Amino acid sequence: MALPLKAEHALESEGFESDPKIVKFVVVKKREEQDHPLKEELTSFEEALLPHLDAAHNLARWLLRNEQDAQDVVQEAYLRAFKSFGGFHGTNGRAWLLTIVRNTSYTLLKKNHAVDLTTTFDEEIHATGHESVSPATILEHSEDAELIRQAMDELPAEFREILALRHQEGLSYKEIADITQIPPGTVMSRLARARAKLRECLATRIGKEK
């Protein structure tokens, strides 16, 4: 049984609200520096991408596990998106933006020499030491947003990413495949491994509470 993750379980930011004015200020400032204001382009950009600011911040926060880094990445991603907006001719602004957020986040992770980008999953190697914890108990505790946050933070970035995209943002397998640049079949298998690993982490934490 797949462990349900709902949008309301997203980590609430401390000291930061996903305010479109923040990104708008950054973009406008950048354009003023270039002394080439394009009001019509900015308006179109806002309509296409600012509604997805929360999704952008959510993905960056889960990937980076650091609020300040997430804020910096979101602003950088919006600047990159604005610079490239003239070449965007699609209809799925959210997927396009999240692709930029993802790439920007991974660039920072690699720069910081993060060691949790990927993982090898093996049932024997990753067998939980708390097999006595039943699926029902895990699902009961899964309503605890803080417990889910802690468990997800233990996962490799590729697992945190795919769980957030699928269960919190509700993206389709195709959209996730486009964002992560992997085949849909790989998306499905990685999601299954991520769910299994999350259940394991939850079981471990619940077992320690007994």
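The model shown is predicted, which means the values in this text are computed figures rather than measured ones.
Closest approach of Ala81 to Leu49, counting heavy atoms only: CB-CD1, 3.8 Å. Between Ala95 and Ile179, the shortest heavy-atom contact is O-CG1, 3.5 Å. Heavy atoms only, all atoms of each residue included: Leu63 and Ala157 are closest at CD2-O, 3.6 Å. The shortest heavy-atom contact between Leu155 and Arg160 is O-NH1, 2.5 Å. Taking all atoms of both residues into account, the shortest heavy-atom contact from Arg166 to Leu171 is NH1-O, 2.9 Å. What you find for Gly93 and His52 is that their closest heavy atoms are C-CD2, 3.9 Å.
When atom types are taken as modelled, the side chain of Gln168 and the backbone of Leu165 share no donor-acceptor pair closer than 3.5 angstrom. A donor-acceptor contact shorter than 3.5 Å is absent between the side chain of Tyr78 and the backbone of Val73. In this structure, Asn103 contributes its side chain and Thr99 its backbone to a donor-acceptor pair below 3.5 Å.
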Practice task
List the steps and the verdict of side chain to side chain contact (heavy atoms under 4.5 Å, CB included) for Glu154 and Lys197.
Solution key: CA-CA 9 Å; Glu154 293 180 4; Lys197 185 61 177 175; over 6 Å; no
Exercise for the section: Take Arg65 and Arg61 through the side chain to side chain contact (heavy atoms under 4.5 Å, CB included) test and state the conclusion after the steps. Expected result: CA-CA 5 Å; Arg65 298 182 296 188; Arg61 177 59 183 80; 3.9 Å; yes
Exercise for the section: Just do the side chain to side chain contact (heavy atoms under 4.5 Å, CB included) check on Ile182 and Val187 with the steps written out, would you? Expected result: CA-CA 7 Å; Ile182 59 177; Val187 169; 3.7 Å; yes
Exercise for the section: Could you walk me through whether Ile162 and Glu158 pass the side chain to side chain contact (heavy atoms under 4.5 Å, CB included) test, one step at a time? Expected result: CA-CA 6 Å; Ile162 204 161; Glu158 64 177 9; over 6 Å; no
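Looking only at side-chain heavy atoms (C-beta outward), Glu175 and Leu98 stay at 4.5 Å or farther from each other. Counting heavy atoms from C-beta on, the side chains of Glu161 and Trp62 never come closer than 4.5 Å.
Arg195 forms no cation-pi arrangement with Phe159, by the criterion of a distance under 6.0 Å to the ring centre and an angle within 45° of the ring axis. Geometrically, Arg102 engages Tyr106 in a cation-pi contact defined by less than 6.0 Å to the ring centre and at most 45° from the axis.
We find the CD1-CZ distance between Ile100 and Arg80 to be 8.5 Å, quoted to the nearest 0.5 Å. In this structure, CG on Leu59 lies 10.0 Å from OG1 on Thr104, to the nearest 0.5 angstrom. With values rounded to the nearest 0.5 angstrom, Met152 atom CE is found 10.0 Å from Leu202 atom CG. Rounding to the nearest 0.5 Å gives a distance of 6.5 Å between CD1 of Ile176 and CG of Leu191. Going from atom CD of Glu67 over to atom CG of Asp72 covers 10.0 Å, rounded to the nearest 0.5 Å. With values rounded to the nearest 0.5 angstrom, Glu200 atom CD is found 13.5 Å from Arg193 atom CZ.
For the residue pair Asn92 and Trp96, no side-chain donor N or O sits within less than 3.5 Å of a side-chain acceptor on the partner.
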